[in-house]
Amino acid sequence: MREQDQHTPADDVRHPQEQPDADPQIDVPPLMPPVLFGLLLLAVVFVAYQVLGGLISFLLFGFGSDEQVQGMRLVTMLSQVLFLLL
């Protein structure tokens, strides 16, 4: 038999570059438009920031005296400076 006539199973295997559908991309539509998602995320972050910030301030200083008001002003000033550095 000649060498050209011999058939091996390796001859049937194609490389991924040769196969047109080797790497199909799945096109999944988004659940909501990106702009709507950005606005919704902005609203959630804003509300969470306000609620958590108020809760932390209340736990640290409570309601009350002038000393606590001065401490709250100091913490507010420091947090604004840190936020600007962010």
Side-chain angles (χ1 to χ4, degrees):
M1 240 187 194
R2 293 186 322 192
E3 196 172 308
Q4 293 175 336
D5 294 337
Q6 293 177 348
H7 182 73
T8 62
D11 294 334
D12 294 334
V13 176
R14 285 197 250 167
H15 296 288
Q17 296 87 4
E18 296 174 4
Q19 297 176 355
D21 296 330
D23 189 20
Q25 293 182 356
I26 300 172
D27 190 22
V28 178
L31 296 175
M32 67 176 66
V35 174
L36 179 62
F37 177 76
L39 292 174
L40 183 66
L41 186 64
L42 186 64
V44 167
V45 168
F46 177 76
V47 170
Y49 181 80
Q50 295 297 318
V51 170
L52 291 175
L55 182 64
I56 290 171
S57 297
F58 174 71
L59 291 175
L60 286 175
F61 301 106
F63 291 122
S65 69
D66 290 335
E67 298 160 357
Q68 292 171 341
V69 171
Q70 292 300 325
M72 185 176 283
R73 287 180 182 159
L74 179 64
V75 169
T76 302
M77 181 185 68
L78 290 175
S79 64
Q80 288 176 350
V81 169
L82 290 175
F83 183 70
L84 288 173
L85 293 175
L86 182 72

Check the hydrophobic clustering (I, L, V, M, F, W, Y; side-chain heavy atoms under 4.5 Å; chains of links allowed) and say if [X] and [Y] are grouped together.
{"X": "V45", "Y": "L36", "value": "yes"}
{"X": "V81", "Y": "L74", "value": "no"}
{"X": "F37", "Y": "F46", "value": "no"}

Spatial distance of atom CE (M77) from atom CG (L82) [nearest 0.5 Å] | 10.0 Å
Straight-line distance of Q50 CD to L55 CG, nearest 0.5 Å = 12.5 Å
